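From a predicted model like this one, the values you see are computed outputs, not experimental measurements.
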Amino acid sequence: MRSALNNFARLLCALAFLLLCAGALVTSTGSSLSVPDWPLSYGSLLPPMIGGVVFEHGHRLIAGVVALLTLTLAVWLARREPRAWVRRMGYLAAAAILLQALLGGLTVLLRLPPAISIAHACLAQAVFALLVAIAQATSPWYAATAATTAAAAALAKLWRLGVLAILAVFLQIFWGALLRHTGTGLGLHLAWALVVFFAVMAAAARGASAASPDNGLYAPSLLLGGLIVVQIFLGFAALKARFSPDYASGFSGAAVVTAVHLAMGSLILATAVVWSLRARRYR
């Protein structure tokens, strides 16, 4: 049975993913400076929700909720979680979400400087990955599972493949942020996509072949393989939409496709984190 803490962490992961989607739509629709001030929006907590303000201020509202809940999670872990490494993840998530809020404000006040905008985009993904790791570490499966068999020992050796996949995906997220915020780095993003594909598929294939449906690694392995295949097609669709002669800023099919491509990258990152934690649990 899931604990209240784990349910809270899972809910927070869902809200953090919604925040990533909202942030992707802000950039994809060209709404980043629809609200020119910060922390208020046109001097108000709730400005008229018209045009790009819907995306930009909506993003801020979700971000505020996620920040408050992340701080709450850190306090909850500090009071109730006996494992020091899980508590540390909570502290790190709390510090990262505060830094993320500051970076978000600076992107507006300094009028979208590329370095800060890229850092803001990448840190958002790192926070999401941390929250997913906390949700996994506090899950009933993780608490009940231990390395007790030779098969489990074999699974434990796979966790490094998951770490390599995480690093490959995160670097691809960086190349994507560079492309979105500067218009450069398309070649790097496309070339590294091959590295990501093979790194993720290697983890998925090894996990699926070594795991069984009841040991916790089989389902994430299948999910990883499926997500990366879908992501390749989404990448081509986003590229075609972005460089179409009909492309224009604002809410459109191209903006949605680009945002979904970014969101899929987040899901792949999260699944790789779960995959790695589950494999390492058998050590």
Side-chain angles (χ1 to χ4, degrees), residues 11-72 93-94 96-128 131 173-174 176-184 234 237-239 241-267:
L11 172 64
L12 182 51
C13 287
L15 291 174
F17 179 69
L18 179 62
L19 178 59
L20 286 170
C21 295
L25 282 172
V26 169
T27 306
S28 298
T29 59
S31 303
S32 299
L33 291 178
S34 296
V35 179
D37 53 337
W38 183 89
L40 296 176
S41 299
Y42 290 103
S44 171
L45 291 174
L46 190 61
M49 301 294 277
I50 56 175
V53 178
V54 172
F55 299 104
E56 172 62 13
H57 189 68
H59 173 67
R60 293 187 188 187
L61 291 176
I62 301 170
V65 172
V66 169
L68 288 174
L69 294 183
T70 301
L71 296 175
T72 301
I97 203 69
L98 293 175
L99 177 58
Q100 179 70 347
L102 177 61
L103 289 175
L106 289 175
T107 60
V108 174
L109 298 177
L110 299 180
R111 299 297 184 264
L112 306 179
I116 294 178
S117 297
I118 292 168
H120 182 60
C122 292
L123 185 57
Q125 300 282 354
V127 171
F128 179 54
L131 294 175
I173 287 169
F174 171 78
L178 179 70
L179 178 61
R180 287 166 68 85
H181 294 288
T182 69
T184 63
L234 280 174
L239 187 65
R242 178 63 182 84
F243 291 99
S244 167
D246 300 325
Y247 179 82
S249 61
F251 187 71
S252 63
V256 171
V257 168
T258 305
V260 171
H261 180 56
L262 185 149
M264 184 63 69
S266 303
L267 290 178

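Side-chain contact check for Arg60 versus Val26: every heavy-atom pair is 4.5 Å or farther apart. With contacts defined as side-chain heavy-atom distances shorter than 4.5 Å, the pair Val108/Val35 does not qualify. By the 4.5 Å heavy-atom criterion applied to side chains, Ile62 and Leu15 are not counted as neighbours. Between Leu112 and His181 the shortest side-chain heavy-atom distance does not fall below 4.5 Å. Put simply, the side chain of Phe55 does not reach to within 4.5 Å of the side chain of Ser32, judged on heavy atoms. With a 4.5 Å cut-off on side-chain heavy atoms, Ile118 and Thr182 count as touching. A heavy-atom distance below 4.5 Å is found between the side chains of Phe17 and Ser266.
In plain terms, the two heavy atoms of Gly58 and Met49 that are nearest each other are N-CE, 4.1 Å. Minimum interatomic distance between Leu106 and Pro113 (heavy atoms only, all atoms of both residues): O-CD, 4.2 Å. Between Ala94 and Ile97 the shortest heavy-atom distance is O-CG2, 3.1 Å. Of all heavy-atom pairs spanning Ala16 and Leu131, the tightest one is CB-CD1, 3.8 Å. Shown here for Tyr42 and Ser34, the closest heavy-atom pair between the two residues is OH-O, 2.6 Å. Summarising the geometry of Ala259 relative to Ser28, their closest heavy-atom pair is N-OG, 3.9 Å, with the distance given to 0.1 Å.
Proximity of a side-chain donor or acceptor of His57 to a complementary backbone N or O of Leu45 within less than 3.5 Å is detected.
Here the CG atom belonging to Leu267 is positioned 6.0 Å from the CZ atom belonging to Phe128, to the nearest 0.5 angstrom. Rounded to the nearest 0.5 Å, atoms CG (Leu234) and OG1 (Thr258) are 10.0 Å apart. Rounded to the nearest 0.5 angstrom, Leu11 CG and Leu69 CG are separated by 7.0 Å. Here the CG atom belonging to Leu98 is positioned 9.5 Å from the CG atom belonging to Leu102, to the nearest 0.5 angstrom. The distance from atom CG of Leu262 to atom SG of Cys21, rounded to the nearest 0.5 Å, is 8.0 Å.
Applying the salt bridge (Lys or Arg N to Asp or Glu O under 4.0 Å) test to Arg180 and every residue at least two apart in sequence or in another chain returns nothing. The side-chain contact (heavy atoms from CB on, under 4.5 Å) check on Leu123 picks up Ala96, Leu99, Gln100, Leu103, Ala126, Val127, with sequence neighbours excluded.
Side-chain contact annotation: His120 with Thr107, donor-acceptor N/O pair under 3.5 Å absent.
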Q: For Thr27 and His59, run side-chain contact (heavy atoms from CB on, under 4.5 Å): C-alpha distance rounded to whole Å, both residues' side-chain angles, the deciding distance at 0.1 Å, then the answer.
A: CA-CA 11 Å; Thr27 306; His59 173 67; over 6 Å; no
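The list of salt bridge (charged side-chain N to carboxylate O under 4.0 Å, His left out) pairs with a residue in residues 33-45, not counting sequence neighbours, is empty.
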